[in-house]
2 protein chains.
Amino acid sequence: MSSNLRSMTSDPDARGPRREDEVDRIVAAWRRERPDLDVEPLTVLSRVSRLARHLDLARRGSFARHDLEPWEFDVLSALRRAGEPYRLSPGALLTQTLVTSGTMTNRIDRLAERGLVQRLPSPGDRRGVLVQLTEQGRARVDAAMSELLDVERGLLARLDTRDRERLAELLHDVVAPFDSP
Amino acid sequence: MSSNLRSMTSDPDARGPRREDEVDRIVAAWRRERPDLDVEPLTVLSRVSRLARHLDLARRGSFARHDLEPWEFDVLSALRRAGEPYRLSPGALLTQTLVTSGTMTNRIDRLAERGLVQRLPSPGDRRGVLVQLTEQGRARVDAAMSELLDVERGLLARLDTRDRERLAELLHDVVAPFDSP
DNA sequence: GTGCGATATCTCGATGTCGAGTAATCTCCG
DNA sequence: CGGAGATTACTCGACATCGAGATATCGCAC
């Protein structure tokens, strides 16, 4: 809390004077309106929500330069990560992208129409389907990934390596319970 | 990185042995497939996106007990924070909730139908409208906020006070450029 | 083999959001 | 005062998602 008492003039501190962000204003408003509540969790989790929202917008702009929607990138990148021959079942794609099965069917339909993936019958299970990246899809997602990383590096530029590691580790500790049940 | 070398057996360390999360797997896959790229930004920002997604689901469950959708809570809580008489213009609500004007009109319509807010003509500007929380809306959002904070506290329980402060501060440094232009 | 619960994918109607365009009103300069 | 441009909120069609249900197939017990 001591940082709130810093001088308003220029400050030789590491990251410069602390600027108020929208969550600071939100938290201050709640403390005024509901002094009976402990709103400390908002200082972390509201920032997570808002940052995710801004990140979505930045991703949208970055992908647009490669004629891709964010949801398209999500599917293509899961296939790309899987490695040759870039094939996954719709079910595997579901769990990686956190959407429902109806949504995934719809996504695969449209990606196939655009020629970025193709459906193959699953060998040995006639219920199943395999989704495979086309060569065009692979090229597209590789280019978009490279640019996405440039943009993300820009967003993190104010933190040094040590701070980024610390941030990743703290976030890890919060998400871990969700990912390993 | 030293934590990766920890023993697999029980560990007296602060947060226990590091468990692999989904982002660890994603990052490892990219390093295998694209060793030419520096994917370090993903260790932070992919966790932010995934955590936001899980947080949405947790909020949804928590609000359902008060018969509120997340988008309803977002609007009502902005009005609640504004303090008596709990009135804001649609424009002010836009900037706080990061949605478009068409979306906001639609939200206000439905909240008004449910009797949680009402539209008032803006005094001194006949283009304008003011949205005001009804008594029923105020009671609803107060109850939901209290429960939301309980849920969020649970999500952060694995971190001690010092770590939560550090996490909030690091997130602040990343979002700040978006919020103060 | 036959039957049955589990699994994989798809179908489809309801819903919320986006985003470009519209209409009314305000502001301010000349 | 008058008119151009800015501002405010709303309209409306396109689109992506959800989620419950339908369909086909699999695997296993008997």
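Naming convention: chains lettered A, B, ... in sequence-line order (proteins, then strands); numbering from 1 in each chain. These numbers were taken from a predicted model, which means no experiment stands behind them.
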Q. Checking salt bridge (Lys or Arg N to Asp or Glu O under 4.0 Å) for the pair A/Glu69/A/Arg60: CA distance, chi angles, key distance, verdict?
A. CA-CA 7 Å; A/Glu69 299 292 323; A/Arg60 186 175 301 272; 3.6 Å; yes
(Q) Take a 6.0 Å sphere around CZ of B/Arg32 and say whether it holds more than 12 heavy atoms from other residues, nucleotides or ligands. (A) yes
**Q.** Heavy atoms from other residues, nucleotides or ligands near CZ of B/Arg153 exceed 12 (cutoff 6.0 Å)
**A.** yes
Q: Nearest whole angstrom, please: distance from the C1' of D/dC10 to the CD1 of B/Ile108.
A: 10 Å
Q: Apply salt bridge (Lys or Arg N to Asp or Glu O under 4.0 Å) to A/Asp21 and A/Arg47, showing your working.
A: CA-CA 9 Å; A/Asp21 69 1; A/Arg47 285 195 175 93; 2.7 Å; yes
Restricting both atoms to N or O, compile the protein contacts to nucleotides 16-19 of chain D shorter than 3.5 Å, with distance only.
| unit_1 | atom_1 | unit_2 | atom_2 | d |
| --- | --- | --- | --- | --- |
| D/dA16 | OP1 | A/Arg110 | NH1 | 3.3 |
| D/dA16 | OP2 | A/Arg110 | NH1 | 2.7 |
| D/dA16 | O5' | A/Arg110 | NH1 | 2.9 |
| D/dT17 | OP1 | A/Arg107 | NE | 3.3 |
| D/dT17 | OP1 | A/Arg107 | NH2 | 2.4 |
| D/dT17 | OP2 | A/Arg107 | NE | 3.3 |
| D/dC18 | OP1 | B/Arg53 | NH2 | 3.0 |
| D/dC18 | OP2 | A/Thr100 | N | 3.3 |
| D/dC18 | OP2 | A/Thr103 | OG1 | 2.9 |

Q: Identify, residue by residue, the members of residues 114-131 of chain B with a heavy atom below 4.0 Å from DNA chain C, and return them in order of residue number, or none.
A: B/Asp125, B/Arg126, B/Arg127
Q. What is the distance, rounded to the nearest whole Å, between atom CZ of B/Phe73 and atom P of C/dG16?
A. 18 Å
Q) Taking the side chain from B/Ser49 and the backbone from B/Ser46, do they hold a donor-acceptor pair closer than 3.5 Å? A) no
Q) Judged by modelled atom types alone, do B/Gln96 and B/Arg81 share a side-chain donor-acceptor pair under 3.5 Å? A) yes
(Q) Distance to the ring centre below 6.0 angstrom and angle to the axis at most 45 degrees; does that hold for B/Arg110 and B/Trp71? (A) yes
**Q.** Whole angstrom value for the distance that separates C1' of C/dC10 from CG of A/Leu93
**A.** 15 Å
(Q) Taking the basic N atoms (NZ, or NE/NH1/NH2) and the acidic carboxylate oxygens, is any pair closer than 4.0 Å for A/Arg162 and A/Asp160? (A) no
Q: Starting at atom CZ of B/Phe63, determine the distance to atom C1' of C/dG16, rounded to an integer number of angstrom.
A: 17 Å
**Q.** Nearest-angstrom distance from the residue atom CG of B/Asp109 to C1' of D/dT11
**A.** 11 Å
